[in-house]
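Single-structure report; data block below.
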Amino acid sequence: METISREGGCLHTFCPIASVAWLHRKFNDSFFLIVGTHTCAHFIQTALDVMVYAHSRFGFAVLEESDLVSANLTGPLDGVIRKVIDEWHPKVIFVMTTCSIDILKVDLQVSCQELSKTHEFPILLASTSGIDRTFTQGEDAVLKALLPFSPQEAPVVPAPAPVPAEAPVVEKKKKWFSLGKSEPETPAPVAAPTAVPAEPKPNLVLLGAIPDITIRQLVWELNRLGIPQVDVFPSADLSTMPPIHEKTVVVPLQPYLNETINAIRRQRGAEVLSTVFPIGPDGTAHFLRDICQRFDLPIDRVYQREAEAWGDLETYVNFLRGKKIMFLGDNLLELSLARFLTACGANVVEVGIPYVHRKDMQAELKLLTDRQIPIVENPDFHKQLQRIEEYQPDLIIAGLGICNPLEARGFTTAWSIEFTFAPIHGFGSAVDLIKMFTKPLFKKQTLAENGWGMEGMAL
Amino acid sequence: MKLAYWMYEGTALSGIARVAGSMQRVHTVIHGPRGDGYINVMFSMLERFHEIPPFTLSPIGQREMAQGSRARLVETVRRVERDHQPDVIVITPTCSSTLLQEDIGSVARTLGKETKAKIIVPQVNAFRDLEHETMDAFLTQLVGTLVEEQPKTERFSVNLIGPSYLGFHQLHDLTEIRRLLADVGVEIDAVVPYGATVEDLRTLTRAHMNVCLYREYGVELCRMLEKQYNMPYTTITPIGLRQTAKFLQAIGQQAQIDVKPYIAKQISPAGPLSRFVKSVDSLSALYGKRAVVFGDYSHAVGVTHMLCEIGITVLWAGTYMKGLEAEFKEAVAGLTEEAFVEDDFQKLSHKIRDTAPDVVFGTQMERHSSKRFQLPCVVISAPAHILNFPIFPEPIVAYQGMAQILETINRTIRLGLEEHLVKMFGEEEPMGEATAPAAQAAAEVAATTTTDQPAPLSPGGMPWEAEAVEVLKQIPFFVRSKVQKNTETFASERGHSVITAEVLYAAKTHFSKS
């Protein structure tokens, strides 16, 4: 691992409460309450106002001076929560904590437990403090808070229906089998309804809050590979979270869910399949192959799908080949994105990343270190600026705060935050994903050809 | 603890950043957790900064929480001095770092002995204070530290206090004020804080008068300069005819210049302002319309005046500057039936709904509210969206500003009347999925298909397998029928007779490529 170096931080990234932007619509009848300072509210409304609407299902419990001297914030928090209940009637409230709560050393866990009892619905604590966390890790905290809603055991039901009270699911399953007319599907050995109902049944759970349409296509791929039942954590509804137990195989979809993964391992004894993330055709194929191998299923079809997906990307790949690309480090997707770009033949000159979880990221790390791609953990922006001048990258993936200044210096940039908002998973999103890299480069080329190059100056 | 959805005023940190970040050769060290670096985003995105904003974060992480942040802060300040060589280094606390109760002042005093740059720690309560009061206090502190008595400039000159980055169209206002004052023969000596150097602040007393452009901040500074250096000042924001005339007269009086002929020329019947306001088309579009106004102090007052000047009825006018209640009520007295202060976004939103005016003048928040109630809205005050950080000239003040607002009102009202026809994006899916025909059909198909028999979603369309329908239902409602149509075209071109999920996904890939 000698290609990983470490610097002293000071990078441009968002606070984890920013994750409210993509989480607040993910769960039915939910409300996200951020307990913090005026700055927290000001940050969300100024940094994210393009992406979120006023009066969405989130708000702020802003600390006042009287709260600073109070040993217990249950009372004040209850007052705010009552107002939220009156207006929104949520079925779950996520209380997101911030730096100030860490600094004040207030324990809101107990408050949330008490208030859950008072109001008779879940009020869940998610620690999204920005002390040493980057913005995508907010999702990790929220998913971890949801883990208790996953049953430890599969519901006890008579075979053959794997999930009760959901007739359409059974029917849907039948449909999945009737697809792929050209080649007969292998019957699934994994979730075949042969297990004794009382015992936890083996199941496959995909982990991550990615857009429904994207996850559905991944599930579809897995169905066609011979896994008829694929569960997803989290589901939009707390009452339909999939079972997770010692016979569950969990496969993470996002590279920043380490705390949730840890909790799943420790509390549920589930197996977490360590593979790469289904980002890009190469990553998706690797991901699907590892799952198939885990369940002793044939993998030939994966190769075929991968080849098709690369075929769709051909023009873009040709364009990216040899391009120098640098990640400054922001969203923790950097290792997977760099691996994909490398597979496209791009020359990744530096993968800056806020933090590398050596264990959970081992498969991705191996692919990068095998190819000698330089990884800089917790990078120092000022040193990166010097390296930018040295490397002269064709494209820089950077935090929102520094894209415009880098563009003004003549560099081409892509916003790192966009990769968390856009669908980038699976074969189906591969075109969208690669376009996020090629679009800024094409734009630069288009402008240069249309009056912004020498031609424009000659007039 | 207070429930808030949106805040009208920014934080002390944003106030300090606006002052320090607008000046030259001033670098700010932000002493706070990583997230507080969002100040950079505000500058580089909203102002489309072409340089790396002059802020360096001295991050507070676990190590600093456990061992104190002094070492990190010292290291950061030294590096800023080495890399940027500024004249002033501002070390600012943030909301959360204030809670650590560390003595930044002592760090500054120690460091100040070794740095060439002057080190200044803003004397504010970063946890409690709001943006504008902080700007005022910090400006006063900065000037108070640096200013010296100077001989007056030979010709009459004024200092413009106010223009700064992240203000509402303020830099465009600055251009307009420069032109206006040049037209009447008044020189501008210094502009504060935008573009100001330490030297500019030191010699601020050269000018004959201070002009505080926005009542929200800068008044304390003007009062201090009046008290200590005998400099007169005015706080009129020149928005609309009467306020602009008053503004010019206040300056003209000090400069002993007769500004009346100039004013008369601006509003003469042949001039563009008069032609616009008195034209018959504005009779139907603007005259007699019922409006409501809300914003910071200076814009709410100015726009209320201006609306009355073009014959629009102002049903009520409000400001979120709670500290200026009495002054505000007096400033709009006689122009509207109801004047108030309010800083609760929700309450204001309900008030707009209940009033249902023809047009709303407000901040970005009122634009959101107006959109929910399908009312046309003109944004006239911070807090604003990137749309209100135009890079090309769009002043709000003086005659050009009035012209610009009039054009905006005209377009907004007229387009607003048509907007219900073209409503593209609702805030939420209005009535769930049931409103979209394709989805409705999809729901019916999904509900009735008990066999594997695929059915068409629309008359004459291709049959869809229920599984494909399920996938279609996940596509956002406003593009769903387009996707349905494209998929069917794609399928028939390739000789498919039924839409399966596979066909749909292939179509999706195909269309995303083009």
Side-chain angles (χ1 to χ4, degrees), chain A residues 9-10 12-15 17 37-39 41-43 45-47 49-50 53-55 59-65 67-68 73 76-77 79-80 83-84 98-100 102-104 130-132 168 172 175-176 178-180 212-213 216-217 220 312 382 400-405 408 428 431-432, chain B residues 1-7 10-11 13-14 33-38 40-42 44-45 48-53 57 59-62 65 79 83 94-96 99-100 127-128 345 349 364-365 368-369 372 383 385-386 427 452 465-467 470-471 474-475 500-502 505 508-509 512-513:
Chain A
C10 199
H12 287 263
T13 187
F14 276 170
C15 168
I17 58 170
T37 62
H38 191 160
T39 301
H42 193 239
F43 156 64
Q45 77 186 53
T46 51
D49 75 341
V50 183
Y53 295 107
H55 209 70
F60 303 87
V62 179
L63 293 168
E64 295 176 293
E65 285 187 301
D67 301 315
L68 304 184
L73 290 179
L77 186 61
V80 170
K83 284 186 191 157
V84 169
T98 59
C99 302
S100 342
D102 276 11
I103 291 171
L104 292 171
I131 306 275
D132 289 339
K172 203 192 300 165
K175 281 281 169 44
W176 288 121
S178 73
L179 261 182
D212 291 346
I213 184 142
R216 192 176 182 109
Q217 191 164 356
W220 177 78
D312 290 330
H382 295 271
L400 204 51
I402 39 180
C403 286
N404 279 344
V431 178
D432 297 311
Chain B
M1 218 178 265
K2 186 179 146 189
L3 176 65
Y5 292 97
W6 295 91
M7 310 297 254
T11 53
L13 173 64
S14 57
R34 264 181 189 168
D36 288 333
Y38 79 100
N40 279 297
V41 182
M42 290 170 66
S44 67
M45 290 301 290
R48 298 173 180 87
F49 244 50
H50 58 287
E51 278 161 16
I52 292 165
L57 186 75
I60 294 172
Q62 293 295 0
M65 292 267 286
R79 185 158 85 176
D83 293 352
T94 68
C95 276
S96 39
L99 303 178
L100 281 173
F127 179 81
R128 181 196 57 209
F345 153 74
S349 183
Q364 177 62 20
M365 273 80 143
H368 281 305
S369 299
R372 285 169 72 204
H385 187 271
I386 192 160
E427 271 202 25
D452 284 347
E465 283 198 348
E467 180 197 334
E470 285 295 317
V471 177
Q474 291 184 317
I475 291 166
T500 60
E502 185 164 24
Y505 285 135
K508 182 176 159 241
T509 305
S512 61
K513 270 195 292 183

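As the structure is a prediction and not an experimental result, all values here were calculated from the model. Proteins come first, then strands; the chains are lettered A, B, ... in the order of their sequence lines, and each starts at number 1.
Using a 4.5 Å cut-off between heavy atoms, A:V431 touches chain B through its side chain atoms alone. Proximity to chain A is limited to the side chain of B:K508, based on heavy atoms less than 4.5 angstrom apart. Within the 4.5 angstrom heavy-atom criterion, atoms from both the backbone and the side chain of A:H38 approach chain B. With a 4.5 Å cut-off on non-hydrogen atoms, B:Q62 touches chain A through its backbone and its side chain both. The contact between A:D312 and chain B is made by backbone and side chain atoms together, counting heavy-atom distances below 4.5 Å. For A:L77, the parts lying near chain B are the backbone and the side chain together; criterion is any non-hydrogen pair under 4.5 Å. Of the atoms belonging to A:I213, heavy atoms from both backbone and side chain fall under 4.5 Å from chain B. Looking at B:M42, the atoms closer than 4.5 Å to chain A (heavy atoms on both sides) all sit in the side chain, from C-beta outward. The contact between B:R128 and chain A is made entirely by side chain atoms (from C-beta outward), counting heavy-atom distances below 4.5 Å. For chain B, the nearby parts of A:I103 are the backbone and the side chain; heavy atoms of each come within less than 4.5 Å. With a 4.5 angstrom heavy-atom cutoff, A:D432 touches chain B only via side-chain atoms.
In this structure the side chain of B:Y5 never reaches within 4.5 angstrom of the side chain of B:M365, judged on heavy atoms. Looking at heavy atoms from C-beta onward, A:L73 lies in side-chain contact with A:L63 at the 4.5 angstrom threshold. Taking the side chain as every heavy atom from C-beta outward, B:V471 and A:Q217 never approach each other to under 4.5 Å. Residues A:I402 and B:N40 are not in side-chain contact: their nearest non-hydrogen atoms beyond the backbone lie 4.5 Å or more apart. Between A:T39 and B:S96, every side-chain heavy-atom pair lies at or beyond the 4.5 Å cut-off.
Scanning all heavy atoms of the two residues, the minimum distance from A:R216 to B:E467 falls at NH2-O, 4.5 Å. The minimum heavy-atom distance linking B:G35 with A:C15 is given by the pair CA-CB, 3.8 Å. Residues B:S44 and A:L400 approach most closely at OG-O, 3.7 Å, considering heavy atoms.
Chosen from A:G59, A:P76, A:A408, the residue pairing most often with chain B at heavy-atom distances under 4.5 Å is A:P76. With chain A as the partner, the residue from B:S14, B:P53, B:P383, B:S349 showing the most heavy-atom pairs under 4.5 Å is B:S14. Of the listed residues (A:G79, A:S100, A:G428, A:G130), the one with the most heavy-atom contacts under 4.5 Å to chain B is A:S100. Contact count versus chain B (heavy atoms, under 4.5 Å) is highest, among A:D102, A:T13, A:L68, A:T98, for A:L68.
For the atom pair CE of B:M1 and NZ of A:K83, the computed distance is 11.5 Å after rounding to the nearest 0.5 Å.
Between the side chain of A:Q45 and the backbone N or O of B:M7 there is at least one donor-acceptor pair closer than 3.5 Å.
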